[in-house]
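Working notes, beginning with the structure itself.
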Amino acid sequence: MTHTTTTGGNPEALRAEVRAWLQQNVPPGWRAAQTGTGQDMFVRSQRDWFTKLVKAGYATPHWSAEWPGGGRSLAEQKVIYEEVARADAPRLILFFVALYHAACTVMEWGSEAQKRQHLPGILEGRVWCQGFSEPNAGSDLASVRTRAERRGDVYVINGQKTWSTLAQFADRCLLLVRTDGSGAPQAGLTYLLLDMKTKGVTVRPIAQITGDDEFSEIFFDDVEVPLSDRVGEEGQGWAVAQSTLASERGLTLVELTQRMRYSLPRIAAIMRERGVADDPALRRELGRLIPKVDAACALADRYLLKRIEGTEAAGDASIVKLAYARTLREFTLLGQRIAGLQGQYREDFIRGGGMETGNWPFDFMNSYNWSIAGGSDEIQRNIIAERLLGMPREPKNWVLA
Amino acid sequence: MSTAELIQLRDSARQVLGEAGLAASESKTWPLVLELGWLLVAVPEELGGLGQGLAGACAFHEEFGRSLAAAPYLPAMLAIDAACAAGKADWVERFATRDFVTAPLADPALTLSDGKLGGTASAVPSADLAGHVLLCADDCVALVSLKQAGVEWRERPTWDATRRLFDLRLSGVELDPGLVLARGEAARALARRLAAQRDFALAADAVGGAAALLDSTVEYLRTRRQFGRPLALFQALKHRCADLKAQVAGAEALLAETLSRAGDDLASPAAERAGQAAKLQACAVYARVAEEALQLHGGIGMTAEHLCHLYLKRALLNEHLGRGGNRYDLDLAEALMAVP
Ligand SMILES: Cc1cc2nc3c(=O)[nH]c(=O)nc-3n(C[C@H](O)[C@H](O)[C@H](O)COP(=O)(O)OP(=O)(O)OC[C@H]3O[C@@H](n4cnc5c(N)ncnc54)[C@H](O)[C@@H]3O)c2cc1C
């Protein structure tokens, strides 16, 4: 790979450069500014931060070298994520699907015309969402039912997607649809790049338990999508979707585990605030949490190193995700326990503030993002047992005993 | 230090200990340790060692844990490191090839007054085979002859059949100036260095044991059939094994990461905390794996002939060695709370 910056591909030189840049550019007091605000303010601040990162070349290190900021090695990408965590910068969640899922899918599977059409738009701040899950297709993604019927040079879409993160702000959607119901479920899927402004698309935000409405339902009523917005061949949707799901390649968990480690002092802070800094029982719980957080960091780190060396095994990623989800749950539970009755009084929350904002019940509720979305803990356990431990897979057919 | 070299060493250790058999006796494994020069792994090259440092030592501790070998490798390694750190080049070769020096695996309660040592040291492995014991007291680190007047020892049989532990009682034991390794600040630093190594070694032992026991438990579930199918088909059991696998992988990754975080200055506060984190996590995971493994084996796991209990008892003992099972969490919390 070629490198476009002055650091010539040396990760440690890049570290110093990124660190200095972040020091200058992370909006001071952003946490306070994002507390208790509406979603419009959140969107504006995400845009500002996105624009800065794109300009500096730090939003697209994983893009190929012909793109601004692109052509970074995995080791360099890791450095950027580590530094972003260290600087406690806002998370770029509004643009995550665009920068990773959409960009990587288009780069890997898109035609030249599709690349020209979509990639520059992502850099300009177009928001994408992922429309895979449906009311009856969750863990079992292959059972997607949203229909796409081919009529001339369009597909006509009818059906419903759900849990689509930030779809209410999205310009485009990565849409997985069924074009054929006859064969194996995976074989009848097709992948489309939907313009969210198309007639017949309705987005309805879903009120979440945290008081936020981060995800939405999307309804399709005779929505016409040009054939030219299909990625891959008809019937190849499953394979394309696998690329989408693999696109962030462990980097997010490097960032999130590091953020969790840097957030450990928040537990110390709440203990002081509540006057229980010397409580031996709580100290013991904190002391047991610390090496678990360290272990989650070490796992994420090691996984990425394996990817860099090309020694990753099937199932390794599941270990990292499961360990993170479980540790995050324990972390937020402990914070909540220490916060006590005071924590149960409702307080404003921070949008885009990461998983450990210090609003403990909010953080606790949010931790389910990681144990449910993107392959639940149970699905990860299946994968670990079957792929890494060589235990048998579930029998295909079942009857109640 | 080259990783390839280390992997080669580890593989040969695994092979040798594998051939010796699970939970091989001290009389079988100790001569192998001496003969194959395994005590020289961490010794710097300029002192005639292999120069593999603490990471090298831990690769071996892991193999001892995996195979449940009974040889008192850990205390011997501590004594050799103390000799290296104190610049006693001539002792290194002796301790590594002939004269076994032991050391307590738990913090001793000793006091030094008027040059005389008194108090107790517990969890001292294989003291009956040792000429000397390495002891840290107040601001002095020294070797004490086990035959010296005022030194009494007695064996304390433990549940863990793969270790033979002794209690030492010292009263008015005259320190031999020729056997003093360090005094004052240097002694305190050496004691911290030794405590960190003890933590890392116990963590490595635990990681090796936990990984081996989980493997053999999964293997058992794959072969044992009930209800007309292998037990490994039941998701309730698969998920428990998957959780254990994630925990073992976490402890392994943490051990590797803390070893590199600790670096060469093992007397530093950073190394101390790194060792504590590795020890606490690895021993907790080992105990958890052992607890689950017995349950997952059913009745056979409760028989003396089966390997489950050997791992279980070593895992339980490991948790209480070092600074003691109830200190690590509090110490780690203390270090975090101390940062304003
Ligand atoms: C915060 C959040 C954001 C999301 N964002 C998006 C998005 O942007 N786009 C998108 O397409 N989707 C998104 N999702 C959807 C997500 O991928 C699904 O929720 C997830 O796949 C689980 O599906 P489900 O909710 O239907 O649960 P189900 O699959 O119905 O699972 C219910 C329970 O059964 C368990 N279970 C299921 N199968 C098995 C099995 N084989 N063995 C054992 N246990 C099993 C599950 O672990 C879970 O505990 C999001 C979800 C959340 C929570």
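Labels below follow one simple rule: chain letters A, B, ... track the order of the sequence lines, proteins then strands, and each chain is numbered from 1.
- Only the side chain of A256(B) comes within less than 4.5 Å of a heavy atom in chain A; its backbone stays farther off.
- Contact annotation for E334(B): both backbone and side-chain heavy atoms come within less than 4.5 Å of a heavy atom of chain A.
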Kindly determine whether V26(A) and W30(A) satisfy side-chain contact (heavy atoms from CB on, under 4.5 Å), including the steps that lead there. CA-CA 8 Å; V26(A) 172; W30(A) 68 268; 3.8 Å; yes

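- No part of R326(A) comes within reach of chain B, as not one of its non-hydrogen atoms sits under 4.5 angstrom from that chain.
- Proximity to chain B involves both the backbone and the side chain of R288(A), based on heavy atoms less than 4.5 angstrom apart.
- Nearest approach of R329(A) to F364(A), heavy atoms of both residues: CD-CE1, 3.6 Å.
- Counting only N and O atoms by type, the side chains of D81(B) and Q197(B) include a donor and acceptor under 3.5 Å apart.
- Both the backbone and the side chain of E252(B) come within contact range of chain A, with heavy atoms under 4.5 Å apart.
- Of the atoms belonging to V218(B), it is side-chain heavy atoms, and not backbone ones, that fall under 4.5 Å from chain A.
- Using a 4.5 Å cut-off between heavy atoms, L322(A) touches chain B through its side chain atoms alone.
- Heavy atoms from other residues, nucleotides or ligands lying under 6.0 Å from CD of Q8(B) number 12 at most.
- Among Q380(A), R381(A), E378(A), the residue making the largest number of heavy-atom pairs under 4.5 Å with chain B is R381(A).
- The aromatic rings of F227(B) and F234(B) lie perpendicular to each other, with more than 60° between the two planes, well past the 30° mark.
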